[in-house]
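Below is one structure, written out as structure tokens; the observations come after it.
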Amino acid sequence: MISAWTGRQIRAAEQPLLDAGHGDRLMATAAHGLANAVLRAVRETRGRVYGARLAVIAGSGNNGGDALFAAATLARKGMSTTAVLTSARSHPQALAAFEKAGGTVLRLAAGGDGAGAGADDSAAAAAGPFVTPDEAAALCSRADALIDGILGTGASGGLRSPAKELVERIIGLDAPALTVACDLPSGVSAETGEVSGPVMPADLTVTFGGTKAGLLTDPAAGLAGRVLTVDIGLGPHLPAPELRRLEPADLADWWPVPQRTSHKYTRGVLGIVAGSAQYPGAALLCTQAAAATGVGMIRYLGPQEICRLVNLSTPEAVCSQGSVGESRVQAWLVGPGATGDRDQQARVRDALASGLPVVADAGALDSLPSDLGPQVILTPHAGELVRILAEQDVEVTREQVEAAPSDFARLGAGLTGATVLLKGATTVISSPSGALFTQDNATPWLAAAGSGDTLAGILGALAATVQRDLLAEAGIAEPDHWAAVAAMAAAVHGIAGTEAAAGGPVAASDISRAVPETVRALLELRQDG
Ligand SMILES: NC(=O)C1=CN([C@@H]2O[C@H](COP(=O)(O)OP(=O)(O)OC[C@H]3O[C@@H](n4cnc5c(N)ncnc54)[C@H](O)[C@@H]3O)[C@@H](O)[C@H]2O)[C@@H](O)CC1
Ligand SMILES: Nc1ncnc2c1ncn2[C@@H]1O[C@H](COP(=O)(O)OP(=O)(O)O)[C@@H](O)[C@H]1O
Ligand SMILES: [K+]
């Protein structure tokens, strides 16, 4: 499991070490980790380190300090290094080390608001010729490696002039061969992943002390590239993480595996209320996905005509037109394609009132009861979350949700009392307690109608069969179990979908077909064989 913290949490964890006088050691460790990561990446992209052109954009704070110290190390390894200072102030010891190692210093000429490397003549260390944003951008674009050390966790808001113009210009040119963000891409929020103004997309982000929550959350996740975390010894001082991400080993350890004495009822029965005359396909897709994920039995409830279709596509499912009250199940999946049908809507209401775990998707999201619990897992995309929030008297646009998905998933969970799985390139899951998971296992080829129905089926099957004692043993707090189950489903859906797509288009039913092999491969990772 990957844990991630907000910038504020990381800074608080650093404070006792700063108070004890270890600030220089922290920065040296961070810079060493950054330099090593750049060295490895340059070897991979270019082969030879000696003679490679390195450009560093350094801001006024410690983030610029890290970048300049790292660049000093890289200059000593034979890289030809140039630093562009965006402010009149720079970390004095780091700048001195950089100059001593033979680095060239350029100062970014002030922008319209008077800021810039020349604005403060009292900054003794910041000596060097001035360059315009256009000149600096051309130099950065030609570099074999570019380090973005403008802003770190101390930033407020997005880049300001003239760094803003510089980054805008670089984005307009050919990208450097390799861009490495120091701690985080400058201009993204380490707390929420929100992006303000222009941000230089990184191939690699080298982050210090602990992964920043914002780097694992959209939209920043799309700008961070690969994230590498450098340990600087904050471990004992770190609080409970803000956000977690499941890895294959977690899925393997927690996957519900039948025992020698298991039978279909002890494994778990999933009840499905899906499909309508208008949308029969959703019922078929989610039922297929649930069967492929592995469940003791599926009880499908719906109109006679859809029962017939479900029986043909998933003969394992037991289909009826019965009621929720007379169906014994361990969990319900309700809503895919279940719109415009009064009987289906009544079943959806009954399932939500049953107190059992319920995955509520699509058609079930429109009229939710007010007293939900964490065992109810809502699976909206951004547009559906807008409507859920509107029911709670929160008026937001889809664009606002997409700009801060983790904030709005958490708000939705808090207001409804349910667990919320918000779909997107990165899937965000929030427990009503506020605990967050994000999963980025999917491929953009999954952005197609029907792939959400498949996710709902996988999640339904897991909700019916999950062995929650395994989650408790792994330290997941009881109120957050359903968020962890939702994260497992998002991960398996993403992995199976990526396998099925194999770099090309994928139909939703192919995702289901890839699930058994995905689970088999995961189970091979199990510690206990
Ligand atoms: N917290 C930690 O554990 C460690 C932090 N380190 C580094 O220190 C960084 C944090 O350093 P700082 O606190 O100095 O913060 P920053 O390096 O983010 O710089 C903040 C400074 O930039 C200016 N500024 C703020 N917002 C701006 C904006 N929107 N546009 C232009 N200028 C702006 C302000 O003058 C402020 O003083 C981290 O990101 C990391 O790189 C490392 O040295 C090692 C340890
Ligand atoms: N750009 C993307 N990259 C990766 N996964 C995506 C992307 N867009 C959508 N997905 C995933 O595909 C699925 C689509 O779900 P949804 O929009 O509800 O489709 P449906 O029409 O099947 O209900 C979700 O699991 C979502 O996370
Ligand atoms: K940065």
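Since this is a predicted model, take the numbers as computed values, not measurements.
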Considering only distance and modelled atom types, tabulate donor-acceptor pairs under 3.5 Å from the side chains of residues 463-473, sequence neighbours left out.
unit_1, atom_1, unit_2, atom_2, d
T465, OG1, A461, O, 2.8
R468, NE, H481, ND1, 3.1
R468, NH2, E478, OE2, 2.7
R468, NH2, H481, ND1, 3.4

In a table with atom names and distances, give each donor-acceptor pair under 3.5 Å that connects a side chain of residues 401-413 to protein atoms at least two apart or in another chain.
unit_1, atom_1, unit_2, atom_2, d
E402, OE2, R398, NE, 3.0
R410, NE, G434, O, 2.9
R410, NH1, E242, OE2, 3.1
R410, NH2, E242, OE2, 3.2
R410, NH2, G434, O, 2.9

Practice problem: Answer yes or no: is there a side-chain heavy-atom contact under 4.5 Å between I388 and T416? | Solution: yes
Quiz item: Looking at side-chain heavy atoms only, is the closest gap between R40 and L228 below 4.5 Å?
Solution: yes
Exercise. Please collect all side chain to side chain donor-acceptor pair (under 3.5 Å) contacts where either partner lies in residues 434-448, sequence neighbours excluded, each pair once.
Key: R245-T438, R245-D440, Q439-N441
Practice problem: Answer yes or no: is there a side-chain heavy-atom contact under 4.5 Å between I2 and P241? | Solution: no
Practice problem: Test L459 against every option in L333, T454, L270, V485 by the side-chain contact (heavy atoms from CB on, under 4.5 Å) rule and name the one that passes. | Solution: V485
Quiz item: Is there a donor-acceptor pair closer than 3.5 Å between any side-chain N or O of T314 and the backbone N or O of A317?
Solution: no
Self-check item: Counterpart residues, side chain to side chain contact (heavy atoms under 4.5 Å, CB included), relative to L151 (two or more places apart)
Solution: A155, L159, S186
Quiz prompt | Test log, rule side-chain contact (heavy atoms from CB on, under 4.5 Å), inputs Y279 and D453 | solution = CA-CA 11 Å; Y279 302 112; D453 303 323; over 6 Å; no
Self-check item: Ion pair check, E168 and K164, cut-off under 4.0 Å
Solution: yes
Practice problem: Using the side chain to side chain donor-acceptor pair (under 3.5 Å) rule, collect all pairs that involve residues 263-276, keeping only residues at least two apart or in two chains. | Solution: none
Quiz item: Any side-chain heavy atom of V334 within less than 4.5 Å of one from V324?
Solution: no
Exercise. Would you mind listing every side chain to side chain donor-acceptor pair (under 3.5 Å) that reaches into residues 317-331, with sequence neighbours excluded?
Key: none
Exercise. Flag the pair W482 / S431 as yes when at least one side-chain heavy-atom distance between them is below 4.5 Å, and no otherwise.
Key: no
Quiz item: By side-chain hydrogen bond (donor to acceptor under 3.5 Å, both in side chains), which residues pair with R349, not counting sequence neighbours?
Solution: none
Quiz item: Who pairs with E247 by salt bridge (Lys or Arg N to Asp or Glu O under 4.0 Å), at least two apart in sequence or on another chain?
Solution: none
Quiz item: Got Q344 and P303 here, is their nearest side-chain heavy-atom distance under 4.5 Å?
Solution: yes
Practice problem: Provide the full list of side chain to side chain donor-acceptor pair (under 3.5 Å) pairs with a residue in residues 483-506, sequence neighbours left out, each pair given once. | Solution: none
Quiz item: Considering only heavy atoms from C-beta outward, does the side chain of S313 approach that of Q288 to under 4.5 Å?
Solution: yes
Quiz item: Between E316 (side chain) and I298 (backbone), is there a donor-acceptor pair under 3.5 Å?
Solution: no
Quiz item: Does the side chain of R342 come under 3.5 Å of the side chain of Q345 through a donor N or O and an acceptor N or O?
Solution: no
Quiz item: Considering the options D250, L525, T293, which one meets the side-chain contact (heavy atoms from CB on, under 4.5 Å) requirement together with W255?
Solution: T293
Quiz item: Under 4.5 Å between any side-chain heavy atoms of V358 and I377, yes or no?
Solution: no
Exercise. Supply the atom-to-atom distance T419 OG1 to D480 CG, rounded to the nearest 0.5 angstrom.
Key: 8.0 Å
Exercise. Taking atom types as modelled, find out whether T205 and T207 have a side-chain donor-acceptor pair closer than 3.5 angstrom.
Key: no
Quiz item: Passes side-chain contact (heavy atoms from CB on, under 4.5 Å), L365 versus L378? Steps please.
Solution: CA-CA 7 Å; L365 298 173; L378 313 179; 3.9 Å; yes
Do any side-chain atoms of residues 502-518 form donor-acceptor pairs under 3.5 angstrom with protein atoms, and if so which ones, sequence neighbours left out?
unit_1, atom_1, unit_2, atom_2, d
D510, OD1, R513, NE, 3.3
D510, OD1, R513, NH2, 2.9
E517, OE1, R520, NE, 3.1
E517, OE1, R520, NH2, 3.4
T518, OG1, A514, O, 2.9

Quiz item: With sequence neighbours left out, what residues match D361 under salt bridge (Lys or Arg N to Asp or Glu O under 4.0 Å)?
Solution: K423
Practice problem: Determine which pairs satisfy salt bridge (Lys or Arg N to Asp or Glu O under 4.0 Å) with at least one residue from residues 204-222, sequence neighbours left out, and list them in order. | Solution: D183-K212
